[in-house]
Amino acid sequence: MLASCLRAGMRGEESRVEPREAPRVPSGRRRIVFSAPVQGRHEENPTMSDQTNEHAVAFKDLPPEERLFRMRHSAAHVLAEAVLEMFPEAKYAIGPPVDNGFYYDFDLPRTLNPDDLQTLEARMRQSVKANLPITGEQIPKDRAREIFKDQPYKLELIDGIEDDTVGHFMHGGFEDLCRGGHTETTGQLGAFKLDRVAGAYWRGDEKNPMLQRVYGLLFPTKEELAAYEHQREEAEKRDHRRLGRELDLFHLDPIAPGAPFWHPKGTLLYNGLVDYMRELYREYGYDEVVTPQLFNVDLWKTSGHYQNFADDMYMFESDDEEIGVKPMNCPGHCHYFASGHHSYRELPLRLAEFTRLHRNERSGVLHGLTRVRAFSQDDAHIYCTPDQFDEEIFSVFRMIERVYTDLGLGEPTIRLATRPEKAVGSAEDWERATELLGASVTSAGKEYTLAPGEGAFYGPKLEFHFKDAIGRSWQLGTVQVDLGMPASFGLRYIGEDGEEHQPMMIHRAILGSLERFIGVYIEHTGGHFPLWLAPVQAVVIPIADRHLDYAGTVRAQLQARGLRVQVDDGPDRMGAKIRKAQLQKVPYMLVVGDREQEQQAAALRDRTGDDLGAVPIFQIGDRMVDERDTRSVQAR
RNA sequence: GCCGCUGUAGCUCAGAGGCAGAGCAGCUGUUUCGUAAACAGCAGGUCGUGGGUUCAAGUCCCACCGGCGGCUCCA
């Protein structure tokens, strides 16, 4: 059964949509990519007809996504033309279309500044105005080598192409090595704008020289370009670093790079999520443990982390021992497992841990809460028999679904990450484990796409990605099979047959790093947390000082029901207090004046601005308790 | 770590060789107010740090440290 499901699942690869030539989708900040309309063509080995019949179908008759792809691709050429004109000695590398636009990489005699972008953009507009025809043909490699004899990057690209001929595209006096996909003329570029210049390693390898990458934005119309820029501004308003400060949730300081200071309100949010996960752990049969922070490096040598990640671990000497601060929980959990005898009756054993992890991330990658050096995870390791494997994976799927629903995250998309270059275990084990994971996804009625070579060193993994409120995709949970540690830690259990067996081991996290999750969740909700997670659930706003006592009574009544309620007893007028609460995104405002005091009520207002009229306090309490206990995902 | 940009009050920003500024936030006082900002006053700074040029340096130069945007990495 698994095998047939497996084949079905593997087909997911074909439907995978990725920007061609674009960097792999990504990481850290780059994980946040606005969803792209660019659809997949065949990236590798385009057929001859693709190129010789470049303009066989009129540009205007192409599907819109193909037109956009070509506009962006041609814009990259026009950019390179402008750069070569500005710097005749420039070496040009690659210039693909990407989400939202295009880029081109150059090796230049000096660094570009923002004024240069203006100049280049003006020069590009001249090419657009000239409306030059873009022509392409297949030429023999030898001729291409002659044409690009002064262009080392192009020569390297030519060497890497397997065919006997390569694509050659021209417009005006500009020529480029290119597999094609272009507009008919330079006048068909739509609305574009040079965006920024950034460094990028040649072929993405940090051992190679760093080139200057010029990014451009490009959309079919001015309106769409403006809409994208507007969306980017909106995204900035949701930036968790900004909201973290505005909502008084956390701060970062150079005194502890990459280690957030959680403020009281942020801590409520943090602990709210931890409490929630603990509740699920009880329901799903997990056992929580607390293992050490500091281990003799022997542990990390056994697990393989020392060999694979020593540079990213904090290490120091103490009492002539070499100590490594824990970057992951799994070796500690394996050590716990190995410390006792286990019967098959104890399996599956699901060990969860929330304690703090430290990873010495390189300074350049740190980013708010989404890339930190100190964090904790809703991390767990499942030790089970081979028979139990499927059910354990399904159980994790159910839990993920539950969490996504409760948090209002919608349906995740799944990627299956396969064997990386640095890996433990045999190729056969990898293949088997990868198949198992893929099959479990399809038999759970879900689909996945492949992420070749992106697995952990100890095993293949499933990644769960969710799309946030403004269309950006984020990786959250993972499920991984471990092919190394059960053996390297000598894990054994006694089976029904009385013999020793090696358990299977599954790593899984649902929210992943709590820090990162909260960062993502802040941006997803724009700070409008559901009531059960809101640090302050209601603010009581007295109209005049004579209502202060009554406001205090209201707060006490609600606090008695376990609600987090504050009274705004400051000197502001009511309107200002409402504004303040609104900006703090407090779910409910309870305005109390003479009339409300009379009726033991409050004028209820929610953060969408709706006035819900005078409501008796006990009813407000009922409403809030219900909203909290059902974990209602309130409208924003 | 690498490339580029950037660093002035808690926050957002102006000042670009010649006395360190504004708005918001904060504090004090007046106002006691009916659904997104009452009014007045006060306080707030080694202009990221260190060095240099200059009669004079937020301002020019160098180094370092943060931050931002990319690249690389992400167990």
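By convention in this document, chain letters (A, B, ...) are assigned in the order of the sequence lines, proteins followed by strands, and residues within each chain are numbered from 1.
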I'd like a list of close polar pairs between nucleotides 61-64 of chain B and the protein, N/O only, cut-off under 3.5 Å.
none

Polar atom pairs between nucleotides 45-51 of chain B and protein, under 3.5 Å, N or O only, would you list them?
none

Produce the list of close N/O pairs, under 3.5 Å, pairing protein atoms with atoms of nucleotides 4-7 of chain B; give distances to one decimal.
none

Collect all protein-nucleotide pairs involving nucleotides 24-27 of chain B in which both atoms are nitrogen or oxygen and the distance is under 3.5 Å.
none

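A search for ring pair (Phe, Tyr, Trp, His ring centres under 6.0 Å) contacts involving Trp202(A) returns Tyr153(A), not counting sequence neighbours. Applying the ring pair (Phe, Tyr, Trp, His ring centres under 6.0 Å) rule to Tyr306(A) yields no partners; only residues at least two apart in sequence or on another chain are considered. For Asp379(A), the side chain to side chain contact (heavy atoms under 4.5 Å, CB included) partners at least two apart in sequence or on another chain are Asn329(A), Gln377(A), His381(A). Legend: residues meeting ring pair (Phe, Tyr, Trp, His ring centres under 6.0 Å) with Phe192(A), ordered by chain and number and at least two apart, are absent. For Phe87(A), there are no ring pair (Phe, Tyr, Trp, His ring centres under 6.0 Å) partners at least two apart in sequence or on another chain. Partners of Asp253(A) under the side chain to side chain contact (heavy atoms under 4.5 Å, CB included) rule, at least two apart in sequence or in another chain, are His251(A), Ile255(A), Phe261(A).
Annotation: proximity of residues 245-257 of chain A to RNA chain B (heavy atom, distance under 4.0 Å) is found for Arg245(A), Pro254(A), numbered in ascending order.
Using a 4.0 Å heavy-atom criterion, one finds that Ala581(A) contacts no nucleic acid atom at all.
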Show me the donor-acceptor pairs within less than 3.5 Å that the side chains of residues 297-304 of chain A make with the rest of the protein, sequence neighbours left out.
| unit_1 | atom_1 | unit_2 | atom_2 | d |
| --- | --- | --- | --- | --- |
| Trp300(A) | NE1 | Gly324(A) | O | 3.3 |
| Thr302(A) | OG1 | Asp298(A) | O | 3.0 |
| Ser303(A) | OG | Trp300(A) | O | 3.2 |
| Ser303(A) | OG | His305(A) | N | 3.2 |
| Ser303(A) | OG | His305(A) | ND1 | 2.7 |

